[in-house]
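Per chain, numbering begins at 1; letters A, B, ... match sequence-line order. Heavy-atom basis, side chains included; hydrogens, waters and symmetry copies ignored. All figures in this text were calculated on a predicted structure; none of them were measured in a lab.
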Number of protein chains: 2
Amino acid sequence: MTETPIRTTRQRRAVAAVMDDLDRFASAREIHDALRDRGESVGLSTVYRNLQALADAAEVDQLRNDEGEVLYRRCITDNHHHHLVCRECGRTVEVQGPALERWVEQVGAEHGFRQMAHTLELFGTCDQCG
Amino acid sequence: MTETPIRTTRQRRAVAAVMDDLDRFASAREIHDALRDRGESVGLSTVYRNLQALADAAEVDQLRNDEGEVLYRRCITDNHHHHLVCRECGRTVEVQGPALERWVEQVGAEHGFRQMAHTLELFGTCDQCG
DNA sequence: ATCGTTGCAAATGTTTTGCATGTCA
DNA sequence: TGACATGCAAAACATTTGCAACGAT
């Protein structure tokens, strides 16, 4: 179990910088495009590799849209949370749900299921888009 | 708005029959394999087309697993519901969640979101696998 | 005889990987 | 220098689509 050093490359910094400025979930391709628009040339596979690394380090959240694409966004909160996403503009709010978590445990228990886990995403139209 | 007739083909019957016997979510490839095992030769694209048709007719539920594959299963209930899936054996229970639905509406309202929608899947280990 | 359906092969689109080359520490 | 990182092309996947042949009505 030796730690693998992580090197600070131009590409890694560029991806992190884009993620910092992103207030909504975006696909790898969108992030790749954003990099190009900033004049930062980064290979698409490098974008994927860096996003994966950020996700492994719990620096970004991942979710899948209806088309099955993986979307990425820097997380604000470290704790377990869910996302309320505007279906128009993509604006995202992180929400905690103690009541939901309790409900999940209860439903599991009712059916004899243990070690419960869950995935939940909320969608709606925000007041600026409504 | 004229209705398009739907023809009863051997392939369509075979796919429906497999879905009837399936008590867990399965991928298109698994369903294709199940058809082969039954001695029913059905092209993979036909499987996809028929599963899509069944989903459009709300005869089967669709969900995406972690790998991004779409899984299919005949629905028991017509109303809105969620799935509690055993991560070991795939056994699935359909659950209704009035409390959850209320929670969703409330969270949306708190942040000024309207026309709320949500996706939720529950995973756990069932008593037979625990 | 229609016209929806099928099957195959080819296309699509996202994500991953092999490998030679580049570059941070 | 040496190990990790990158870039490109190619591979790997699930899924969709074009099109000629098929078959239900």
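- Using modelled atom types, one finds a donor on one side chain and an acceptor on the other under 3.5 Å when comparing A:H80 with A:E101.
- The interatomic distance linking A:E67 (CD) with C:dT14 (C1') rounds to 12 Å, in whole Å.
- Rounded to whole angstrom, the span from the CZ atom of B:F25 across to the P atom of D:dA14 amounts to 19 Å.
- Contact annotation: B:N50 does not reach the phosphate of C:dT5 (side-chain N/O to OP1 or OP2, under 4.0 Å).
- Here the C1' atom of nucleotide D:dG7 and the CZ atom of A:R12 are 14 Å apart, to the nearest Å.
- Ring-centre distance between A:H83 and A:F25: below the 6.0 Å cut-off.
- Nearest to the side chain of B:Y48, among D:dT15, C:dC8, D:dT6, sits D:dT15.
- Looking at A:T77 and A:E94, their side chains do bring a donor and an acceptor atom within 3.5 Å of each other.
- Place B:G68 and A:I6 on DNA chain D by their nearest nucleotides, and A:I6 ends up nearer the 5' end.
- Between A:S45 and B:V47, the one whose closest nucleotide on DNA chain C sits nearer the 5' end is B:V47.
- As a whole-Å value, the separation of A:E30 CD from C:dT15 C1' is 16 Å.
- As a whole-Å value, the separation of B:E69 CD from C:dG13 P is 20 Å.
- The side chain of A:R7 places no N or O atom within less than 4.0 Å of a non-bridging phosphate oxygen (OP1 or OP2) of D:dA3.
- In this structure, A:R49 reaches the bases: a heavy-atom distance under 4.0 Å links it to at least one base atom across the strands shown.
- In plain terms, the two heavy atoms of B:C126 and B:R91 that are nearest each other are CB-NH2, 3.4 Å.
- OP1 or OP2 of C:dA25 has at least one side-chain nitrogen or oxygen of A:T8 nearer than 4.0 Å.
- When the side-chain nitrogen and oxygen atoms of A:Q11 are compared with OP1 and OP2 of C:dG22, none of them lie within a distance under 4.0 Å.
- For the OP1/OP2 pair of C:dT15 and a distance below 4.0 Å, the side-chain nitrogens and oxygens of A:R29 include no atom meeting the criterion.
- Spacing between atom CG of A:L44 and atom C1' of C:dT17 amounts to 13 Å, rounded to whole angstrom units.
- Counting all heavy atoms, side chain and backbone alike, A:H82 lies closest to A:H118 at NE2-NE2, 3.1 Å.
- Atom CG in B:L71 sits about 12 Å away from atom P in D:dA14, given to the nearest Å.
- Using a 4.0 Å heavy-atom criterion, one finds that B:S27 contacts no nucleic acid atom at all.
- Using a 4.0 Å heavy-atom distance criterion, B:T9 is classed as a sugar-phosphate-only contact.
- Atom CG of B:D33 and atom P of D:dA14 are 11 Å apart (whole Å).
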